[in-house]
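Predicted model, so just to flag it, every value in this text is computed and none were measured. The sequence lines fix the lettering, A, B, ..., with proteins before strands; numbering per chain opens at 1. All values below were derived from every heavy atom in this structure, side-chain atoms included, with hydrogens, water molecules and symmetry-related copies excluded.
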Protein chains: 2
Amino acid sequence: MTEAPALHRGARSRDAILDTAGELMSLHGYAATSISMISTACGLPVSSIYWHFGSKDGIYVAVLERARTALLAALPPAEVPGADVRQRLDTFLGDLAGALRHHPRGVKLLLGLGTVQKDASAAALTEVRRYRDALVAWARDSVSSVFALHDRPEVADELARFTLRMTTGTAVARWFEPDAVLETEPLRVALLALAAHHGVGVRVSGGRGAES
Amino acid sequence: MTEAPALHRGARSRDAILDTAGELMSLHGYAATSISMISTACGLPVSSIYWHFGSKDGIYVAVLERARTALLAALPPAEVPGADVRQRLDTFLGDLAGALRHHPRGVKLLLGLGTVQKDASAAALTEVRRYRDALVAWARDSVSSVFALHDRPEVADELARFTLRMTTGTAVARWFEPDAVLETEPLRVALLALAAHHGVGVRVSGGRGAES
DNA sequence: GTCTATATGATGATAGAC
DNA sequence: GTCTATCATCATATAGAC
C-alpha cells in the first residue's frame, strides 16, 4: 500500500493538496488560508507543497485552473437540445441549477477570491479572468441556443448577463443561507418576458407577442 | 490648526481610521488588510488604532456598522411614491441603481467579507448578518410598496429576493468589469412579468393578464 | 489621545538529509 | 518526492512616556 510507485505517489499528493487547498480557500478566502493550514489538513509537510507548487500563488493558480476545468466539464453543452424554446429553456435552467448545486465551491472560489488584488499576482489574476470569461462564454452560447438568437447577438448578451448575474447573486446568497437554491421558476418567467420584450417570438401555445 | 480640542481630534481620528480601513478592507478583504497597512495609509500610529477599536475584529465590526448605516441612509424610503405600479417601479429601480452606483464599497464590504468565517468572531458575524438582514427587509418593503403586495407577502418575498440577487450579481460583476451597472431596463421587464405571473395586476395601458 | 518601542507568535519560504 | 529543521519577515497586540 505504501509502496505505490513514486510517480503515482506524486500525482496523488498533488491532487490531495489541491483538494484541501481548494476547500480551505473557498471557505476562508485566499489570504486567510495559510500553507500550514493546508499542510496539517492534508497531512503532507509544508515543503512538499512547495515542491509541487513553488509558492502560495502557485497553489492558488492551480486550484483555480482545476476548478475551472471541473466546472466547465460539469456544465451541459452550450448547444441545448429540445424542440421548442420552452423545452430548451427548462433543460438549460435545470442544468444550470444542478451545476450550481453540485459545484458550490467552483463559484465561491471565483467570488471569495475576487478580492485578491493585492496578494495574488499576474498569473492568478489571469486565471481568475479566464475562469470568468469561460462562464460568460458558456452562458452566452447556451442562451443563444435556447432562444435561437444567432442573428441577435446583443439580445443573447443581455439574456446571458441577466442569467449569470442572477446565478452569481444566488451563489452569494448561499453563504448567508446555505440552503438557498437557484430559483429556476422566476428566472424562467423573467427570461421569457425579456425575450418577448426584444421581439423574440416564443408563441408555442397561446403565446403573447412582443411589447413594442 | 494642530491645536484642535482633544475631544474633536479623537472623533476625527476615529473617522479617519474607519475611512481608510473600510476602503482597504473592501479592496483587499479582511484577512489581507493588516493593521500596519491601515496605520500607514491614514497616518496614525498602530497603537492609536488599538486605543480606538481594541482589536482588528473591533475595526471590522465598526467598519461594517458604519457601512450599514451609511447605505441604509442612502437608500430611498421603503414607501415608494408614485401613482401607479410602473411609476413606482421606475422610481424604485432608479434609486436602487443609484445607491449601488454611489455606494459600491457598501456592497463589496458585505461580499468581500462574506468569506470571513475563520478570522472574524461572533460580533463580526452578527454585524454582517444584521447588515444583510437590513438590506433584505428594505427590499421586501420596497417591492411590497411598489406592487401593493401587502396581502401577498410570499410574492413580495420572491420579488425582493429576485431583485436583491440581481443587484448582488451586478455588484460582483463590477469587480471584473468596473463599469458594470445595474441594468434597470431588463430588471423592470422581469419584475413586471413576475408580478403578472403571480396574478398581480398591472394593466395601466394595454396590460396583459397573468399566465395561468 | 498620540507617540516610540517592543514582545510574541505565525507566516511564506528554503536547506539539506534521506 | 518526502521529511525535519530553520530563517527572515510580518502579523497582532501591548507598555509606557508624553
If I take atom CH2 in residue A:W51 and atom P in nucleotide D:dT2, what distance separates them, rounded to the nearest angstrom?
7 Å
As a quick check of understanding, evaluate side chain to side chain contact (heavy atoms under 4.5 Å, CB included) for A:F92 and A:T184, giving each step before the final call.
CA-CA 10 Å; A:F92 167 62; A:T184 54; over 6 Å; no
Hey, does the side chain of A:S13 come within less than 4.0 Å of D:dT2's phosphate (OP1/OP2), counting only N and O?
yes
Given C:dC3, C:dT11, D:dT2, identify the nucleotide with an atom nearest to the side chain of A:S34.
C:dT11
Please report the distance, rounded to the nearest Å, between CD1 in A:I49 and P in C:dT11.
12 Å
Separation between CZ of A:R161 and OG1 of A:T163, rounded to the nearest 0.5 Å:
10.5 Å
To the nearest angstrom, the NE2-P distance between A:H52 and D:dG1 comes to 7 Å
What's the closest nucleotide to the side chain of B:K56 if the choices are D:dT12, C:dG12, C:dT2?
D:dT12
Any Lys/Arg nitrogen of B:E158 or B:R152 sitting under 4.0 Å from an Asp/Glu carboxylate oxygen of the other?
no
Expressed in angstrom and rounded to an integer, what is the separation of B:D15 atom CG from C:dG1 atom C1'?
15 Å
Find the distance A:H28:NE2 to C:dT11:C1' and express it as a whole number of Å.
16 Å
A:S47 near the nucleic acid: base, sugar-phosphate alone, or nothing, with a heavy-atom cut-off under 4.0 Å?
base
Where do B:M166 and B:E183 land on the side chain to side chain contact (heavy atoms under 4.5 Å, CB included) test, with the steps shown first?
CA-CA 9 Å; B:M166 182 59 65; B:E183 302 182 45; over 6 Å; no
From C-beta outward on B:S36, which listed nucleotide comes closest to its side chain: D:dA11, D:dC3, C:dC3?
D:dA11
Among the nucleotides D:dA13, D:dT2, D:dC3, whichever has the atom closest to the side chain of B:V46 is D:dA13
As an exercise, state the distance from CG of A:D90 to CG of A:D95, rounded to the nearest 0.5 Å.
10.5 Å
Atom-to-atom span, CE of A:M37 to P of C:dG9 - whole angstrom
20 Å
Are any of B:Y50's side-chain N or O atoms less than 4.0 Å away from OP1 or OP2 of D:dA13?
yes
When rounded to whole Å, the CD1 to P distance for the pair A:I17 and D:dG1 reads 11 Å
Grab the CD1-C1' distance between A:I35 and D:dC10 for me, whole Å please.
15 Å
